[in-house]
Asker: 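This is the structure I want to talk about, given as structure tokens.
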Amino acid sequence: MKPKKLKESFYLQDDVVLIARELLGKHLLTNIDGVLCGGIITETEAYAGTSDRASHAYGGKRSKRTEVMFHEGGVAYVYLCYGIHSLFNIVTNVENVPHAVLIRAIHPMTGIDVMLKRTKKSKAGPGFTDGPGKLSRALGIHHKHTGMSLFGNKIWLEDRGVKIDEKDILVTPRIGIDYAGKDALLPYRFLLKGNNF
DNA sequence: CGGCCGATCCACT
DNA sequence: GTGGATCGGCCGA
């Protein structure tokens with residue numbers, strides 16, 4: 001199957017939890033600093049808008065940081081966490097519905113040498129791009145890229161025909177959101193079983 | 001304007 | 001297993 005860039009209709013779907021599941025196996029690509037890098041998405045988390053205590057947009061909160069989440073689906077929401085890490089999210093749903101999917105891990109495929117250099121690693125083994133902060137650094141994604149369209153030529157997603165079987169998907173609660181009360185228990189995290197990355 | 005804290009990672013014990 | 005790094009956003013004064 002020929003690679004095809006994910007288009008608007010994918011990002012406008014109403015069910016962000018379903019989108020998070022469907023993003024497994026899709027390719028995330030960047031062309032930053034003139035270098036093509038990318039990999040297969042292996043772990044995601046859904047953030048379900050104004051009613052989700054774990055979401056930055058909980059209660060409909062708008063701020064300079066969260067405003068981009070209210071944008072129509074198909075843009076990047078990248079923010080700085082712990083003063084060090086840029087976390088990459090995909091904004092979904094229609095304008096004013098602030099849904100997003102956090103990409104937590106990828107299996108590197110393209111531009112591995114450059115990604116190694118960016119992360120100061122010597123080889124692409126376990127622990128290379130298995131966290132949201134790490135994969136952003138490897139791909140060259142910075143919080144200055146927040147609001148960027150995913151239909152452009154810097155950051156985008158492709159369907160390359162990777163088929164994911166239901167039995168290979170692990171579903172768990174989300175990570176690092178203990179402050180979210182009962183919403184911390186929601187099964188909104190999806191990962192591919194047996195992936196080393 | 002000051003203080004607190006985070007959707008994390010790494011070095012060190 | 002634990003704590004420090006490090007800084008923008010947010011809230012209260």
Side-chain angles (χ1 to χ4, degrees), chain A residues 11 15-21 23-24 26 28 30 39 41-71 73 75-93 97-108 115-148 150 155 157 170-192 195-197:
Chain A
Y11 300 104
D15 185 348
V16 69
V17 179
L18 181 67
I19 293 176
R21 177 187 291 258
L23 280 170
L24 293 176
K26 299 293 190 289
L28 171 61
T30 64
I41 295 172
T42 59
E43 183 177 344
T44 64
E45 283 181 1
Y47 285 83
T50 60
S51 63
D52 182 356
R53 300 189 86 90
S55 171
H56 293 156
Y58 175 65
K61 184 165 65 181
R62 284 176 185 259
S63 67
K64 195 163 187 181
R65 181 176 67 157
T66 64
E67 190 61 35
V68 63
M69 296 181 83
F70 292 82
H71 192 280
V75 299
Y77 169 45
V78 192
Y79 76 97
L80 183 67
C81 190
Y82 296 101
I84 305 175
H85 307 291
S86 288
L87 271 56
F88 173 72
N89 298 252
I90 293 163
V91 174
T92 72
N93 217 306
V97 181
H99 288 181
V101 177
L102 171 67
I103 306 302
R104 291 191 59 91
I106 64 169
H107 182 118
M115 294 196 279
L116 286 170
K117 193 178 251 178
R118 282 183 179 137
T119 55
K120 303 194 192 337
K121 294 266 169 52
S122 57
K123 69 180 183 53
F128 180 31
T129 51
D130 65 350
K134 290 193 267 187
L135 76 87
S136 293
R137 198 159 81 243
L139 291 171
I141 298 173
H142 185 269
H143 53 272
K144 73 185 178 191
H145 294 118
T146 199
M148 178 166 287
L150 301 178
I155 306 174
L157 287 91
L170 199 59
V171 186
T172 79
R174 292 169 290 183
I175 302 293
I177 53 154
D178 295 341
Y179 58 85
K182 65 175 169 43
D183 288 346
L185 302 175
L186 293 169
Y188 281 7
R189 175 171 174 246
F190 300 93
L191 52 158
L192 291 180
N195 191 82
N196 286 329
F197 286 92

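As the structure is a computational prediction, the values presented were derived from the model and not from experiment. Just so we're on the same page: letters track the sequence lines, and every chain starts at 1.
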Asker: How many whole angstroms separate atom NZ of A/K120 from atom C1' of B/dC10?
Answerer: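 Roughly 14 Å, once rounded to whole Å.
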
Asker: Does A/D183 reach the main-chain N or O of A/R53 with its side chain, forming a donor-acceptor pair under 3.5 Å?
Answerer: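 At least one qualifying donor-acceptor pair exists.
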
Asker: What nitrogen or oxygen pairs link the protein and nucleotides 6-10 of chain C at under 3.5 Å?
Answerer:
{"from": "C/dT6", "atom 1": "O2", "to": "A/Y82", "atom 2": "O", "distance (Å)": "2.3"}
{"from": "C/dC10", "atom 1": "OP1", "to": "A/S63", "atom 2": "OG", "distance (Å)": "2.1"}
{"from": "C/dC10", "atom 1": "OP2", "to": "A/S63", "atom 2": "OG", "distance (Å)": "3.3"}

Asker: Report the base-pairing partner of C/dG1 (Watson-Crick or G-U wobble, both distances below 3.5 angstrom), or none.
Answerer: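 Answer to the pairing question: B/dC12, which forms a Watson-Crick or G-U pair with C/dG1.
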
Asker: Give a yes or no on whether the backbone of A/V171 and the side-chain of A/R189 come within a donor-acceptor separation of less than 3.5 Å.
Answerer: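 Checked: no pair found.
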
Asker: Keeping the roles fixed (side chain from A/T66, backbone from A/K61), state whether a donor-acceptor pair exists under 3.5 Å.
Answerer: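 Here the side-chain-to-backbone pair exists.
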
Asker: Taking B/dC4 as the reference, what is the distance to C/dG4 when you measure between their P atoms (whole Å, please)?
Answerer: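 These two P atoms come out 15 Å apart once rounded.
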
Asker: With ring-ring contact (aromatic ring centres under 6.0 Å, His included) as the test, would you mind laying out the steps for A/H56 and A/Y79 before giving the verdict?
Answerer: CA-CA 11 Å; A/H56 293 156; A/Y79 76 97; 4.7 Å; yes

Asker: In the strands shown, is B/dA7 matched to any nucleotide by a Watson-Crick or G-U wobble pair with both distances under 3.5 Å, and which?
Answerer: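 Result: none.
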
Asker: Verify, without hydrogens or angle tests, whether A/N89 (side chain) and A/Y77 (backbone) share a donor-acceptor contact under 3.5 angstrom.
Answerer: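 Yes, because the side chain of A/N89 sits within donor-acceptor range (under 3.5 Å) of the backbone of A/Y77.
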
Asker: Rounded to whole angstroms, how far apart are NE2 on A/H56 and P on B/dA7?
Answerer: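 Those two atoms, NE2 and P, are 4 Å apart.
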
Asker: For the side-chain contact (heavy atoms from CB on, under 4.5 Å) test, which of A/T42, A/I90, A/L18, A/L28 pairs with A/L23?
Answerer: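 One option only clears the test, and that one is A/I90.
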
Asker: Using atom C1' in both nucleotides, what's the gap between C/dG3 and B/dC5 to the nearest angstrom?
Answerer: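 My reading of the C1' atoms in C/dG3 and B/dC5 gives 15 Å.
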
Asker: Can you list, by residue number, the residues of residues 47-55 of chain A that have a non-hydrogen atom closer than 4.0 angstrom to DNA chain B?
Answerer: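 Those residues are A/Y47, A/A54.
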
Asker: Which heavy atom of A/Y188 sits nearest a heavy atom of A/A48, and at what distance?
Answerer: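 Shortest heavy-atom contact: CE2-CB, 4.0 Å.
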
Asker: With a 4.0 Å cut-off on N to O distance, would you call A/D15 and A/R21 a salt bridge?
Answerer: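 So A/D15 does not pair with A/R21 through a salt bridge.
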
Asker: Tell me which residues in residues 85-92 of chain A lie within less than 4.0 Å of DNA chain C, going by non-hydrogen atoms.
Answerer: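 Correct list: empty, so none.
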
Asker: Heavy-atom distance under 4.5 Å between the side chains of A/T50 and A/S55, does that happen here?
Answerer: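 A/T50 vs A/S55: side chains apart.
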
Asker: Using a 3.5 Å distance criterion without hydrogens, assess whether the side chain of A/S86 forms a donor-acceptor pair with backbone atoms of A/H143.
Answerer: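 Judged by distance alone, yes, a pair lies under 3.5 Å.
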
Asker: Report the C-alpha separation of A/K134 and A/F128 in whole Å, then their side-chain angles, then the decisive distance to 0.1 Å, and conclude whether the side chain to side chain contact (heavy atoms under 4.5 Å, CB included) test is met.
Answerer: CA-CA 7 Å; A/K134 290 193 267 187; A/F128 180 31; over 6 Å; no

Asker: In whole angstroms, how far is the C1' atom of B/dA7 from the CG atom of A/D183?
Answerer: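 It is 14 Å, rounded to the nearest whole Å.
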
Asker: OP1 or OP2 of B/dC9 sitting under 4.0 Å from any side-chain N/O of A/K121?
Answerer: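 Checking A/K121 against B/dC9: no side-chain N or O falls below 4.0 Å of OP1 or OP2.
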
Asker: To the nearest Å, how far apart are A/Y79 OH and B/dT8 P?
Answerer: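 My rounded result for the distance is 6 Å.
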
Asker: Provide, to the nearest angstrom, the distance between the CG atom belonging to A/D178 and the C1' atom belonging to B/dA7.
Answerer: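 Roughly 11 Å, once rounded to whole Å.
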
Asker: Check this one for me: any side-chain N or O of A/R189 less than 4.0 Å away from OP1 or OP2 of B/dA7?
Answerer: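 Answer is no, no contact under 4.0 Å.
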
Asker: Whole angstrom is fine here: how far is it from CD1 in A/I141 over to P in B/dA7?
Answerer: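 Atom-to-atom, A/I141 to B/dA7, this comes out as 18 Å.
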
